[in-house]
Structure formats: structure tokens, C-alpha cells
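Data block below; observations after.
Whatever order the structure lists them in is the order used to number ligands and atoms, beginning at 1. This is a predicted model, so every value here is computed, not measured.
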Amino acid sequence: MINRIAVIGTGYVGLTTGACFAHLGHEVICADIIPEKIESLRRGEIPIHEAGLQELVKEGIASGLLKFVLGAENAVGDAEFVYLCVPTPQGADGSADLSYIQAAAGEISAKLRSGTVVVNKSTVPVGSTHLVEQALGRSDIPVVSNPEFLREGSAVDDFLNPDRVVIGSDDRAAAAQVAALYLGVRAPIMVTDPASAETTKYAANAFLATKLSFTNAIAAVCEAVGADVNDVLLGIGYDSRIGHEFLRPGPGWGGSCFPKDTRAIITIAEESGYDFSLLKGVVSVNEEQFDRTVRKVTNMVDVDGATVAMLGLAFKAGTDDIRESPALEMAKRLVAKGAKVKGFDPAVSAVDLEGLEVVGDAYAACEGASALIVATEWDEFKWLDLDKIAGLMVEHHVVDSRNLLDRGALRRRGFTYQGVGRS
Ligand code: UGA
């Protein structure tokens, strides 16, 4: 069945949601408050680096199923479903700032037809579904929570091939209507109450962050005892209770979600009288991981006055997002120690950080550098000409925080090499 869906907010969640629903055959209108963004989206140009999204947006425009309008109130009049996909940034006290979502709900309220289902896809604290109900102030409009589990860089694939769809509402009929939107998608669909759906979202991100801090902690143990973390993780991953996913050690985790959501759930727990000490540990292990990685560089070379080449600036490969990027955390620390950092990222052309110069390719970053640090796991870094890099650098030290490069090939060329969790 074809439904009319309005999507409020065209960030990576909203745009992916809108384009994918159009791909599934629904009629979708996406709204945003930025006129230039709407103009370029209408031309099929997307503002973010997201695999497959541009193609889906163009497909939706061509089929007439995907439209873009300025202002939420202009998108919702005819809609049977309204997806709220606006940001929930971190407020000053660590909790999520709900002002955007409340403003959006207030703005659209008078325009909605009776019976339109409002769906909350933004990551929101427990109880927010009811807050949206209050902001709408309409008893004839059911509100449903339908949290997203999309990863940046593979958001389209995650939407169309999800592990599960979680739907939370006190209104079971409205929940069933939302479930029907996903008929073209093969996945378990779980219907629960709003608080459980909202908590599921935070619990998933908190668990994944825990898995990563655990991985990085085991990497530190491996370094201390002379084990190889890749083998150890392979070994534990064969246990089906553990699995191989999300066990890559790195410079620490970052991005627009894990840091914000872990802090938010710590605050949520605190406010309800539970000290989530486990998750506090997870967060501090992550901070330590940035320091540990930087220490590997400073143990090799006196960075004060030296140039450090940084390969990768985005918080992970496959995206141009630098929000809470481990690369920038490390760059800040290196700059504070007097280093000049020259960074290159295939998807990032500018960063506003004093002491960090963004250059046009990996070789330009290495020119005159005393140390090279791999911060983001872009595949193309594997194929760099190591002889050329050796010729460009003034000292030959490599810290590979993603275990990406060929350590044997580097050592054969006279580099000192330090990966993560293995010698
Ligand atoms: C994360 C979740 O994975 C999504 O399910 C969720 O929907 C999303 O947050 C969100 O809340 O919107 P994302 O932030 O895009 O997605 O990135 P991830 O792929 O989860 O990576 C997060 C961080 O962990 C990155 O810094 C990445 O480099 C790091 N990571 C990930 C590792 O260091 N090792 C791994 O094995 C996996």
C-alpha cells in the first residue's frame, strides 16, 4: 500500500528515511528550514557523503515520489504519517536538547489532518513520545516512536536491510500502521511501548560503545603481554554469544551518536537514581584511548616543532562527518604539544582547528613530516606508494591506529611502526 509520508529534517537520518521510503513506493515530502539545502536537494544534490543516497534521491525525484519543501508546515497538510527527524544535540548538562523536536511538533500541530500518525525517529530520552504528544496538543494524533539504527556511510543499506524495526506506542493501531510502511523490507518488526522503544535505541548504542571500549582495552592488554589483538578478537568472535562484528580496535570511538548518546543515558540513569558506573568507565576508556594513541607518537618523536602527517580526519571511513572525530581529538592533543599537523581525508576538505592544515592528498600530508598517524580506515590508504612516502618524510615513524597499513612493508623500508594491540 502506498502511503503519504512527510519527513521533517533532512539530515542523514531524515534524508535517508525519506529517500528509502520513496524507493519502497511511498509518496514522500521532505522538509527543512534551510532554503539553499532545499534548492540543492531539488536538483538531486545531497549535502553529505552517504553511499547510495544520491542515487536514491535522484530516483525519487525522477519518479515523482520524493519532493522537497521549505518549512515543516508546508509538508504535512496531506500526510498520513509525519516522521520527525530533527537533531537532538547534547545540552549543557549532558542530556539531549529537545527544543528542536518540540518546536517542530508545535509548528505542524494545526496543519495535521485528524488521524495522521506522528513518528519520532530522532534519538530522544525516555518519555519524549509523551512530550511530543504534549507539544502537539491534539488527542486525535497518535505519536509513535520508531528509533533509527542507521550507521553513517551505510545508512541506505541499513534502512533497506535492517536487523530489526522497533516501534513503540501506546496506540497499537497506530503502531501497526507504522509497521505496514516497512512491508517492502525483510526484518523482524517489534512492537512495544514508547519507553521501551526509546530505551532500546540508547541501550543499543551504549552496548556497542561498551564493546568498542572493551576491544580497545583488550588491545592495550595485548600490547603489554605481546599478544596480537587481531587473533585474540578473531578467537573470541567465533563464540556465537560474542560474534565478530564491531570488534575492530581503533583510536577510540566518535561520531555524532555514541559520544552524545552515552552521555545522555548516563544522565538519564543519574536522574532516575542509578549510577551507570559501567558506562562511565566505557567513556573514560575511550578518552584514554585518544591519549594512548597520541603517546605512541610522542614516544617515537619529539613533536614540539615537528610536522605530523595525519591520514584520515572523518570519524570513520565512508563519511565526511568530523563530529567528535577521534582524528581531531588526536590532532588537538598533538597541536597542544607543539606539533604542526597536516591532515588529509578523501571526503573532508576543511576543518576549523588551529594548528591543523588540511591538504589535498596523502603525499602532501607526508611532506616534511617526522611521524605519520593513520586515524581513519579509508581503504585507499592501503595502496599508498610507501617508497614515495619514505622519500617525503624527514623521519620515519608510523602510528597506525586502525591496523590498516602493511607493517612488514613499512619496516622493510626502515620505518618504525606501531599499530594497535600488536607489535
Ligand atoms: C552508530 C550506530 O552504529 C548506529 O546503529 C546508530 O543508528 C547510530 O550510531 C546513531 O545513533 O544514529 P555511527 O555513529 O554512524 O552509527 O557509526 P559506527 O559505525 O557505529 O561507528 C562509531 C564509532 O566506532 C566510529 O568512530 C568507528 O570508527 C568506531 N568503530 C566502529 C570502531 O572503532 N571499531 C569497530 O569495529 C566499529
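Of the candidates E245, K316, E152, Q289, the one placing a heavy atom closest to atom 19 (O) of ligand 1 is K316. The closest heavy-atom contact to atom 37 (C) of ligand 1, among the options K121, R151, R248, comes from R248. Looking at G254, A155, S256, P162 and measuring to atom 26 (O) of ligand 1, the nearest heavy atom belongs to G254.
In this structure, CG on L311 lies 12.5 Å from CD on E377, to the nearest 0.5 angstrom.
From the protein, the heavy atom lying nearest to atom 8 (C) of ligand 1 is L150 O, 3.3 Å. For atom 11 (O) of ligand 1, the nearest non-hydrogen atom of the protein is K201 NZ, 2.6 Å. Considering only non-hydrogen protein atoms, atom 30 (N) of ligand 1 sits nearest to L212 CD1, 3.5 Å. Here the protein heavy atom with the shortest distance to atom 1 (C) of ligand 1 is F258 CE1, 3.5 Å. Of all protein heavy atoms, the one lying nearest to atom 20 (O) of ligand 1 is F246 CZ, 3.1 Å. In terms of protein heavy-atom proximity, atom 25 (C) of ligand 1 is closest to F315 CD1, 3.6 Å.
Considering backbone and side-chain N/O atoms, T123 never comes within less than 3.5 Å of an N/O atom of ligand 1. Below 3.5 Å of separation, one finds no N or O of P249 facing any N or O of ligand 1. Ligand 1 has no N or O atom lying under 3.5 Å from any N or O atom of C257, backbone or side chain. Between E377 and ligand 1, a contact under 3.5 Å exists for no N or O pair. Between F149 and ligand 1, an N or O atom pair is found at a separation short of 3.5 Å.
Of the possible polar contacts, none joining the S122 side chain to the V124 backbone as a donor-acceptor pair under 3.5 Å is found. When atom types are taken as modelled, the side chain of K296 and the backbone of G419 share a donor-acceptor pair closer than 3.5 angstrom. Counting only distance, with no hydrogens or angles, the side chain of T376 and the backbone of K316 share no donor-acceptor pair below 3.5 Å.
Within the 4.0 Å heavy-atom criterion, neither part of D158 lies near ligand 1. The proximity of R402 to ligand 1, defined as any non-hydrogen pair under 4.0 Å, is limited to the side chain. With a 4.0 Å cut-off on non-hydrogen atoms, Y202 does not touch ligand 1 at all.
If you run side chain to side chain contact (heavy atoms under 4.5 Å, CB included) between F159 and each of V13, L53, L56, T17, only T17 comes through.
Atoms of ligand 1 found under 4.0 Å from any heavy atom of N205, numbered from 1 in the order shown, are 2 (C), 6 (C), 9 (O), 10 (C), 11 (O). Residue contact check: W253 has heavy atoms under 4.0 Å from atoms 23 (C), 24 (O), 26 (O) of ligand 1. Per-residue contacts place D261 under 4.0 angstrom from the following atoms of ligand 1 (heavy atoms of the residue considered): 11 (O).
For the residue pair S196 / D193, a side-chain donor-acceptor distance below 3.5 Å is found, with atom types taken as modelled. D275 and S277 share no donor-acceptor pair across their side chains, judged by distance under 3.5 Å alone. For the residue pair Y417/D406, the side-chain donor-acceptor check at 3.5 Å is not satisfied. E50 and T319 share no side-chain donor-acceptor pair at under 3.5 Å. Side-chain polar atoms of Y83 and N146 form a donor-acceptor pair below 3.5 angstrom.
Counting non-hydrogen atoms of other residues, nucleotides and ligands closer than 6.0 Å to CD of E354 gives a total of 12 or fewer. Annotation for I236: atom CD1 counts as buried by contact number, over 12 foreign heavy atoms lying within 6.0 Å.
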